[in-house]
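Reading through the structure tokens given below for one structure.
What you see is a predicted model; the values in this text were computed from it and never measured.
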Amino acid sequence: MLPHKQIELKLQSAVREILPDADVSIVLVRPCPDPKFGDYQSNALMSLAKQRKMNPRQLAENVLAKLDVSDICEKVEIAGAGFLNFRLKPAALALTLEAAARSVHLFFEKTSTPKTAVIDFSSPNVAKPMHVGHIRSTILGDSLARALRLLGHRVVTDNHIGDWGTQFGMLLVGWKRELNSAALATDAIGEMERLYKKISAECKENPAVLEAARQELVKLQAGDAENLKIWREMIALSQKQFDAIYGRLDVKFDVTLGESFYNDKLAPLVDELLKKGIARESEGAIAIFFEDNPQLKAHPALIRKSDGGFNYSTTDLATLAYRLEKWNPDEIIYVTDGRQQLHFQQIFAAFKKWHGESKAKLAHVWFGSILGEDGKPFKTRSGETVKLSDLLNEAEDRAFKIVSEKSSELPDAQRKEIARVVGIGAVKYADLLPNRQSDYVFSWDKMLALQGNTAPYLQYAYARIKSIFRKAESGSREAEIKLAAPEEIVLAKHLLNFGLTLEAMAEEYRPNFLCNYLFELAGKFTSFYENCPVLKAENETTRNSRLALCDLTARVLKQGLDVLGIEVVEQM
RNA sequence: GCGCCCGUAGCUCAGUUGGAUAGAGCAUCUGCCUUCUAAGCAGGUGGUCGCGCGUUCGAAUCGCGCCGGGCGCGCCA
């Protein structure tokens with residue numbers, strides 16, 4: 001067990017002895033903000049004392065009398081208003097690193113209470129190009145899935161694609177009247193987008209076209225064989241595009257159940273809600289009202305339109321019910337734009353009326369918009385949305401130029417591969433680094449600057465370590481750990497906090513915690529690298545110990561970047 | 001009008017149960033490549049955490065009020 005966890009458990013049982021009725025789950029041990037205080041601290045006694053109107057320092061004294069962590073810590077100190085400061089014994093630190101070197105752990109532990117989480121993210125639309133609007137959901141959702149899996153949870157990733165809706169009426173009209181088969185063969189998405197835009201514009205001018213689109217939609221919904229065949233082809237063509245993008249991003253889904261999957265569940269759902277008195281007719285539509293909920297009192301959810309059609313609230317309710325039944329999850333996570341907050345509040349509240357309090361935690365993990373440098377929604381110069389494929393191409397192109405400049409001696413194919421890993425990594429990292437709830441200003445220059453707190457900086461640290469090992473002719477990676485230089489100790493202690501960071505990321509759904517941890521790790525490594533010769537260390541013991549430290553750093557960097565969905569290269 | 005979010009260094013942003021002297025990147029200034037990759041390192045400059053009041057031993061963080069900005073608010077998703 002990792003040291004901070006041992007301290008935490010012992011501290012909790014000491015608190016339980018002094019305050020038998022206290023909620024010890026708040027008694028947490030965290031890294032100190034400043035190493036001068038120690039390695040780990042607990043602030044919990046101050047809040048416990050406060051709740052009970054006790055003297056915090058006296059409480060700390062009493063708890064300390066029951067606490068024995070002398071096997072791994074120096075004397076525990078009470079500081080300030082009642083902080084407990086813990087300082088690891090060098091031997092305990094070394095033992096932890098040696099265990100990691102033997103691959104007993106990599107500074108994190110699988111959860112003892114695995115849960116099942118369904119994660120809904122990406123959700124692109126059929127017949128439309130994937131664009132920057134999909135990138136945050138895709139990258140955030142994927143990295144949350146990776147983190148939860150690494151910590152030992154069961155994860156079902158579900159791509160809820162937009163494969164149904166009124167747009168198919170127009171697409172069908174376009175397909176039948178204007179389809180350019182040659183264009184479809186070379187650029188299917190472009191051709192379908194062209195058809196949609198053309199017919200959509202015509203619908204605004206010409207009521208006859210609008211009517212034709214309506215009729216095609218009705219035929220599709222009624223199961224017309226020809227329209228179904230075209231619709232299926234549009235989905236298949238779109239899925240090819242999705243797969244190409246996901247392949248480049250290394251994103252995988254366990255299931256892809258689009259909106260159409262729930263078609264036959266919608267009418268019975270509305271009937272049931274009507275029958276149970278949860279929904280009622282309103283202005284020709286069917287709606288669920290939330291009279292008892294001050295937040296939603298003025299915002300009923302429509303589940304059937306006055307024309308008899310269903311909308312996304314209906315589908316989302318059906319989807320939620322299906323997921324609960326199919327996977328029995330402890331948690332369902334929706335990764336979408338923040339503008340859908342009201343919608344998900346309605347869905348969650350409506351579902352509660354329908355199925356009562358569920359065991360599953362429903363989480364709307366929302367994120368801010370991507371803005372252009374003018375502070376307005378991000379568009380190309382001509383005002384179009386930016387296609388994801390173009391964005392990834394440009395990232396790789398720019399990275400290739402830089403790699404070619406910095407490492408002109410490498411063969412072309414290798415520079416291409418480095419550019420791919422660095423370019424895609426830069427895009428992902430730029431998206432994961434800001435707090436997800438902030439609107440984020442998209443900047444090619446910043447994203448691909450490849451300096452400062454960016455993916456390439458982390459990848460570079462990794463590559464430098466690998467370079468050491470290419471030059472090391474001998475030396476065990478499982479050596480005895482002997483830490484002396486301050487840079488070694490700082491680096492070693494930071495390695496120990498990897499698991500804490502992963503847990504915080506999974507708990508708060510915030511990959512930026514991990515980004516910042518890895519950036520600090522890379523920084524502490526580089527300091528060590530500048531100050532502590534590895535291959536030319538003064539003696540064999542130090543050399544081997546430092547090699548082991550390098551290897552552990554590389555492993556944590558690689559594992560951490562993998563959680564972010566970012567690859568590494570051996571050389572760059 | 002109501003609701004949600006935001007306001008932290010010149011710019012872009014972090015800031016983990018409220019916790020110790022508010023941090024980073026970029027920009028700028030000064031040093032460091034006969035030594036494991038300088039996509040780097042060490043250091044300097046730079047702050048009324050929008051404003052005010054309150055709660056607290058302690059507030060960027062919690063509460064109330066104001067100012068400024070973004071988004072959302074019934075038949076699109």
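- Residue contacts for A504(A): at a heavy-atom cut-off of 4.0 Å it reaches no nucleic acid atom on any strand shown.
- Across all strands shown, I465(A) has no heavy atoms under 4.0 Å from either base or sugar-phosphate atoms.
- No aromatic stack links F519(A) and the base of rA24(B), using centre distance under 5.5 Å and interplanar angle under 30°.
- Closest approach to the Q571(A) side chain among rC75(B), rG72(B), rU37(B) is made by rU37(B) (side chain taken as heavy atoms from C-beta onward).
- Counting any heavy atom pair closer than 4.0 Å across all strands shown, N512(A) reaches sugar-phosphate atoms only and no base atom.
- Of the options H299(A), Q295(A), K353(A), K297(A), a side chain to side chain contact (heavy atoms under 4.5 Å, CB included) to F290(A) is made by K353(A) and by none of the others.
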Worked check of salt bridge (charged side-chain N to carboxylate O under 4.0 Å, His left out) between D397(A) and K401(A): CA-CA 6 Å; D397(A) 289 347; K401(A) 285 197 187 97; over 6 Å; no
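- Residue I26(A) places its side chain closer to rU17(B) than to any other of rU17(B), rC57(B), rC36(B).
- In this structure, Y457(A) reaches the sugar-phosphate backbone alone: every heavy-atom distance under 4.0 Å involves primed, P, OP1 or OP2 atoms, never a base.
- Listed candidates were rG40(B), rC75(B), rU35(B). Nearest to the side chain of K536(A) is rU35(B).
- No contact: A461(A) has no heavy atom under 4.0 Å from any strand.
- For rC36(B), the OP1/OP2 oxygens have no side-chain nitrogen or oxygen of K471(A) closer than 4.0 Å.
- S306(A) comes within 4.0 angstrom of a base, heavy atoms only.
- Here A301(A) lies out of heavy-atom contact (under 4.0 Å) with every strand.
- The base of rA77(B) sits with one of its N or O atoms less than 3.5 Å from a complementary donor or acceptor on the side chain of Y312(A).
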CA sep, side-chain torsions, deciding dist, call: Y40(A), R87(A), side-chain contact (heavy atoms from CB on, under 4.5 Å): CA-CA 7 Å; Y40(A) 296 99; R87(A) 202 174 291 275; over 6 Å; no
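- Out of rC36(B), rC41(B), rG25(B), the shortest distance to the side chain of T526(A) is found at rC41(B).
- Atom CD of Q295(A) and atom C1' of rC4(B) are 8 Å apart (whole Å).
- At the phosphate of rC76(B), OP1 or OP2 sits under 4.0 Å from a side-chain N or O atom of K305(A).
- Interatomic distance, L547(A) CG to E540(A) CD, rounded to the nearest 0.5 Å: 9.0 Å.
- Figure legend. rC2(B) is base-paired to rG72(B); pairs are counted as Watson-Crick or G-U wobble with both atom distances under 3.5 Å.
- Here N435(A) lies in heavy-atom contact (under 4.0 Å) with sugar-phosphate atoms only.
- As judged by a 4.0 angstrom heavy-atom cut-off over every strand, Q459(A) is placed among residues making no nucleic acid contact.
- In this structure, L84(A) atom CG and rG19(B) atom C1' are separated by 13 Å, rounded to whole Å.
- Counting any heavy atom pair closer than 4.0 Å across all strands shown, V441(A) reaches sugar-phosphate atoms only and no base atom.
- Within 4.0 Å of S527(A), counting heavy atoms only, lie sugar-phosphate atoms of the nucleic acid but no base atom.
- Within 4.0 Å (heavy atoms only), Q345(A) reaches no atom of the nucleic acid at all.
- Each of rC36(B), rA39(B), rA14(B) was ranked by its minimum atom distance to the side chain of I402(A); first place goes to rA39(B).
- Within the 6.0 Å centre-distance limit, the rings of F261(A) and Y322(A) are counted as a close aromatic pair.
- Looking at heavy-atom distances under 4.0 Å, T454(A) makes no contact with the nucleic acid at all.
- Pairing partner, rG46(B): none, since no Watson-Crick or wobble contact has both distances short of 3.5 Å.
- Under 3.5 Å, the side chain of K50(A) and the base of rG18(B) form at least one donor-acceptor pair of N or O atoms.
- Each of rG74(B), rG18(B), rG19(B) was ranked by its minimum atom distance to the side chain of A81(A); first place goes to rG19(B).
- Rounded to whole angstrom, the span from the CG atom of L28(A) across to the C1' atom of rG18(B) amounts to 14 Å.
- Aromatic stacking is marked for F37(A) over rA20(B), as both cut-offs hold: 5.5 Å for the centres and 30° for the planes.
- Residue T336(A) places no side-chain N or O under 4.0 Å from the OP1 or OP2 atom of rA77(B).
- Using a 4.0 Å heavy-atom criterion, one finds that E259(A) contacts the sugar-phosphate atoms exclusively.
- Side-chain atoms of N311(A) lie closest to rA77(B) of the nucleotides rG72(B), rA24(B), rA77(B).
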